[in-house]
Amino acid sequence: MSDRLFGTTGVRKVYGEEISLDMALELGKALGTYLKKGNVLLARDARTTGAMVADAFSAGLLSTGINVHRAGVIPTPTLAFLTRHLRMDTGVMITASHNPPEYTGIKFWKSDSMGYTQDMETELEEIYQSHDFNSVGWDDLGEETSLDSPEWIHIQEIVKRTNVDAIRQRDFRVVVDPGNGAACVFTPYLMREIGCRVTSINGQLDGHFPGRESEPDEDTLGDLIKMVKSSGADLGIAHDGDADRVVFVTEQGDVIRGDRTIALLAREFLQRKKGGVVVTTVDSSKVLDETVKASGGQTIRTPVGDIQVAVKMKEKDALLGGEACGVFIHPDFHLAPEPFLTSCRILEMMASRGKAFGELISEIPVYPLKKTKLKCPDAKKRVVMGRLAETLPDEMDDVTDVLTVDGLGISLRDGWVLVRPSGTEPVIRITCEAQSEERAQSILEDAKEVVQKAIDEVRE
Ligand code: MG
């Protein structure tokens with residue numbers, strides 16, 4: 001068991017092995033000690049462990065004198081949005097996002113709807129490890145209240161920002177696949193509110209995730225693809241367990257990668273605003289940079305993670321941000337992932353252009369992407385990456401830029417390669433992209449050889 005509680009963002013661990021109820025209780029006390037006073041909004045996803053972990057966490061907070069407002073099972077973006085909207089001091093989501101059902105986790109949101117930064121998490125972890133918690137007497141304890149239907153506040157705010165008349169006129173048919181996760185209580189109702197005909201699959205909340213694996217991608221969305229095609233639907237919408245991600249399926253049944261969808265939205269927003277900044281992570285397709293540039297905008301890359309994207313967006317006053325895995329951030333609304341407004345924006349575009357989603361997205365080219373991973377013990381990763389920073393750019397042809405914001409990213413005249421040590425497995429991942437299958441494969445082979453050589457040469 002690792003001593004460190006926090007990972008890349010928040011806490012995410014296997015219940016019963018790596019995280020216990022006692023730990024949740026103490027982390028609640030640590031947060032209360034960190035905040036000193038005020039109000040915390042607390043919600044959870046549909047995992048079997050959720051209610052119990054939330055109860056323990058709440059007890060910890062109450063014992064330090066913090067008031068706890070319980071929001072039940074809602075999507076992570078709803079929790080983040082409501083934290084700002086209801087002027088809470090912090091929002092806490094009991095969720096393990098898209099991880100398998102045995103995981104539980106705890107994620108923290110600031111009063112401005114942005115996730116806790118790593119510095120804030122480090123401070124929280126220090127308090128947790130010190131066991132030096134505030135403790136108040138029986139007459140100063142925090143109070144616990146429950147919010148009634150909190151998701152409706154979020155739905156109303158999205159509807160206000162959406163051209164409902166345009167969508168309603170088209171009488172769109174959508175199929176929603178929440179994957180038995182937190183969006184079961186959200187997306188089908190939102191779609192109905194904006195005038196779509198809605199069918200759901202995997203639409204009952206169930207922490208065992210019986211319908212499919214929680215991460216929405218081509219491998220897990222077979223049922224949604226079939227349903228969209230057989231019902232003649234206009235759009236398929238899929239989410240992960242805590243619904244901070246959304247992946248779209250065309251009327252033809254094609255699953256579209258998030259970076260192409262960001263490119264489609266960016267083009268629309270940039271044309272309207274006459275330029276601006278779009279923020280994405282190092283693993284997005286070059287097609288995004290090209291689309292943004294052609295629309296008069298600029299792309300900025302950050303390390304992987306929605307909070308990294310949000311921090312950069314705030315700094316650069318960006319128009320739009322997101323990640324290829326299905327994260328979209330709309331800063332004119334709030335600074336957390338917003339899959340629901342994104343779905344509305346796609347339907348608006350289909351309505352205003354009079355085109356199917358498949359037709360619209362076909363205007364954004366697909367560049368082949370290749371991935372592999374090589375075994376590398378954790379202890380060697382840092383030295384291997386240091387060596388690769390020197391050797392890999394020399395070994396590749398036509399290098400135009402070297403990015404070191406997260407792992408090692410090398411831009412080539414006709415593609416790119418990204419080498420990153422995994423944060424959770426003893427492997428180094430290689431991803432590359434080019435405009436043809438053959439070229440992508442040859443970049444991958446070249447990079448693989450150099451990375452393997454570095455792993456072999458470094459001693460543990
Ligand atoms: Mg998630």
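The figures here come from the full heavy-atom set of this structure, side chains too, leaving out hydrogens, waters and symmetry mates. Counting starts at 1 for both ligands and their atoms, in listed order.
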Worksheet entry | Within-2.8 Å protein N/O/S contacts of the Mg ion (ligand 1) |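 Result, waters dropped: Ser97 OG, Asp240 OD2, Asp242 OD1, Asp244 OD1.
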Worksheet entry | Atom CG of Asp332: over 12 foreign heavy atoms under 6.0 Å |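 Yes, the 6.0 Å shell around CG holds more than 12 heavy atoms from other groups.
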Practice prompt. Taking Asp234 for its side chain and Val174 for its backbone only, find out whether a donor-acceptor pair lies under 3.5 Å.
Written response: no
Discussion item. Quiz question: by atom type and distance under 3.5 Å, do the side chains of Ser97 and Asn99 form a donor-acceptor pair?
Written reply: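 Not at all, the side chains of Ser97 and Asn99 share no donor-acceptor pair under 3.5 Å.
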Response to the item:
Applied to residues 203-215, the salt bridge (Lys or Arg N to Asp or Glu O under 4.0 Å) test, sequence neighbours excluded, yields Asp177-Arg212, Glu215-Arg245
Worksheet item: Can you tell me how far CG of Leu35 sits from CG of Leu61, rounded to the nearest 0.5 angstrom?
Response: 7.5 Å
Worksheet item: Per the side chain to side chain contact (heavy atoms under 4.5 Å, CB included) rule, which among Leu264, Thr250, Thr261 passes with Leu360?
Response: Leu264
